[in-house]
Amino acid sequence: MTTALPTLTPEARGLAALAPGRTGTNPRIRRAPWFLRALPGALCLAFFAYMFIGVMPMTDASAITSGDGNSTERLAVLGMTGIALFEIVRRRRIVLPLVMRSWPVWLVLGWFCASVSWAAFPDIAVRRVSVMVFICIITLAIAAGIGPMRRVLGLMAGILVVVIAGDLAVTALNPGFAFTEIGVRGYHQQKNVAGLVAMLAFIIAIGWTCAAPRPRRVLAGLAFALAAFGFLVLTKSKTSMMLALLGAGLLPCMLVLRRLGPAAALFLTLAGVGTVGVTYLGVTAFGGDFIGLLTPGNDASFTGRTQIWDFAASEIARRPWTGYGFGSFWDVGDANDPLHRAPPGSWLATLKIGERADVVINEAHNGYLDLRLQGGAPALAFAVLAQLLTVYALAVKLFSRRTTRADAVAAATFLVIALVVLVHNATESSLWMRGQVLANVSILISLLAFRREPAPEPAGKHP
């Protein structure tokens, strides 16, 4: 005896097709192969190694200061760019909205690309702006695919542990190279670069420790921070030491402000800025030196920087709106060195003579002046706007209640670095400077700040 099966109406068959079950009509989302999932992290590590270690460690600065560039560096950047383009195509649905949201970054880059048309040395400008375009492509791919901010913080901490350990090892085992007359450089090309890397390592170490303050991690983080600061002291880089201490003080304050809420944070920030402003007016009104008060022991010329600033200002006056083109002012070959135009009697005019012929000056020691030298007043306006909007975007992430604690600590760490960049450029050059560690880090942080954060992982998945 057989039993007739009931027939389904067309509406019922449609609902059954939509329902999950053994029919296979609702296929599971396929996960990408493991090597594709690991690609953004590998690209991020490669990018950090390129920045913090470099393609030619333990070489003199003169190897990278000619107008001819560096073929090994270009090869490394091209390799990372190829991987980045593959990632961008694969994640195009994420990348396109990110490009729109990060318009300030592309505004700056677009202006520098346009500056090739009026550059003093177009061939040099094309090569150098091309590298900057590649850097932006690489950082775009990393920001789109790396995942939560805490992952970037962890990867940066991991590579910087290796970097600081290597610096200390080179300092101990090869003192002939590591020690210079003006400070220890480790395996870096110059002691100021070593100081900048150590400063970043110190701030990152504190952020990584605060992200998950478990006993073992706290001990490891403290050891990392002490090693980084110890090497920083050896470099004798006063600017980096001051900014490292500033960052170490700001980071816990950011986390406290998050607990207090955005209204209290805004009030306290304005109160702090107002206090500094009143103090500045009070000190200068009586003929005092406000900056000297903050940095005792510095000479009035900031170790000769004031003459560089005066010279840079006179060169800016020649091209106030366009500048000389990206990468077309400094490091353009000995025959075209702008210091040949230094005023007689200044110490800059003596650098190409006798014992000082090997001294290299390849920046204005003020990032805001260098922006004007490269791209005129528009470049300065666009770059500062992009950095301020980065600070704002990171502050929004920090105070958002949808942000997990670990990601909030990462956002606070990157916010501190973004603020440090603004201060750093008062006496050094790092905003959109070619080959500068802090410039590349800043671009990555900006793209991380402007993106939409990926969906939070299930509880217990994050550190």
Side-chain angles (χ1 to χ4, degrees), residues 28-55 72-110 112-113 129-160 162 204 386 390 393-394 397 406-407 410-411 413-414 417 432 434-435 437 439-457 461-462:
R28 294 181 180 178
I29 298 174
R30 293 183 179 180
R31 297 190 69 189
W34 67 267
F35 57 88
L36 291 180
R37 297 198 305 272
L39 200 56
L43 180 61
C44 189
L45 283 174
F47 183 64
F48 288 154
Y50 162 75
M51 287 193 298
F52 300 135
I53 300 174
V55 295
T72 306
E73 179 181 355
R74 287 198 294 269
L75 185 62
V77 172
L78 284 173
M80 289 188 290
T81 303
I83 298 172
L85 288 172
F86 174 78
E87 270 293 287
I88 287 172
V89 172
R90 197 167 72 90
R91 300 179 185 272
R92 56 191 176 277
R93 294 182 179 179
I94 300 174
V95 169
L96 291 177
L98 174 56
V99 170
M100 298 297 293
R101 291 170 63 87
S102 58
W103 62 266
V105 173
W106 310 112
L107 179 63
V108 182
L109 181 64
F112 280 136
C113 288
V129 83
S130 297
V131 174
M132 188 59 74
V133 170
F134 296 152
I135 292 296
C136 289
I137 291 173
I138 294 166
T139 52
L140 176 64
I142 293 171
I146 194 59
M149 275 196 170
R150 61 181 177 273
R151 189 167 298 159
V152 183
L153 181 65
L155 290 173
M156 193 179 291
I159 198 72
L160 284 170
V162 176
I204 291 294
T390 296
L394 288 168
K397 292 180 186 295
D407 286 330
T413 305
F414 296 144
I417 294 174
W432 289 87
R434 66 175 187 89
V437 171
N440 297 340
V441 171
S442 296
I443 294 171
L444 176 59
I445 288 176
S446 292
L447 291 170
L448 290 170
F450 292 130
R451 71 176 187 170
R452 291 188 185 276
E453 287 303 297
E457 296 177 359
K461 292 290 185 181
H462 56 79

May I ask you to test the [X]-[Y] pair for a side-chain heavy-atom distance under 4.5 Å?
X: Thr390; Y: Val105; result: no
X: Val99; Y: Val95; result: yes
X: Ile445; Y: Leu394; result: yes
X: Phe48; Y: Val162; result: no
X: Pro40; Y: Arg151; result: no
X: Phe52; Y: Val441; result: yes

Please confirm whether the backbone N or O of Ala410 pairs with a side-chain atom of Arg150, one donor and one acceptor, at under 3.5 Å?
-> no
Does Arg92 reach the main-chain N or O of Val89 with its side chain, forming a donor-acceptor pair under 3.5 Å?
->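 Flag set: sc Arg92 to bb Val89 pair under 3.5 Å.
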Minimal non-hydrogen separation, [X] against [Y], with atom names:
X: Trp106; Y: Cys136; answer: CZ3-CB, 3.6 Å
X: Arg451; Y: Met149; answer: NH2-N, 3.5 Å
X: Val133; Y: Cys113; answer: CG2-SG, 3.8 Å
X: Ala143; Y: Leu447; answer: CB-CB, 3.9 Å
X: Tyr50; Y: Asn440; answer: CE2-ND2, 4.2 Å
X: Ala449; Y: Lys397; answer: O-CE, 2.8 Å

Nearest-0.5 Å distance, [atom1] of residue [X] to [atom2] of residue [Y]:
X: Glu73; Y: Leu78; atom1: CD; atom2: CG; answer: 10.5 Å
X: Ile135; Y: Trp432; atom1: CD1; atom2: CH2; answer: 10.5 Å
X: Glu87; Y: Ile138; atom1: CD; atom2: CD1; answer: 12.5 Å
X: Ile159; Y: Ile53; atom1: CD1; atom2: CD1; answer: 4.5 Å
X: Ile204; Y: Phe414; atom1: CD1; atom2: CZ; answer: 5.5 Å
X: Ile142; Y: Ile88; atom1: CD1; atom2: CD1; answer: 10.0 Å

Looking at Val108, Ile443, Ile137, which one forms a side-chain contact (heavy atoms from CB on, under 4.5 Å) with Met132?
->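 Exactly one candidate clears the test, Ile443.
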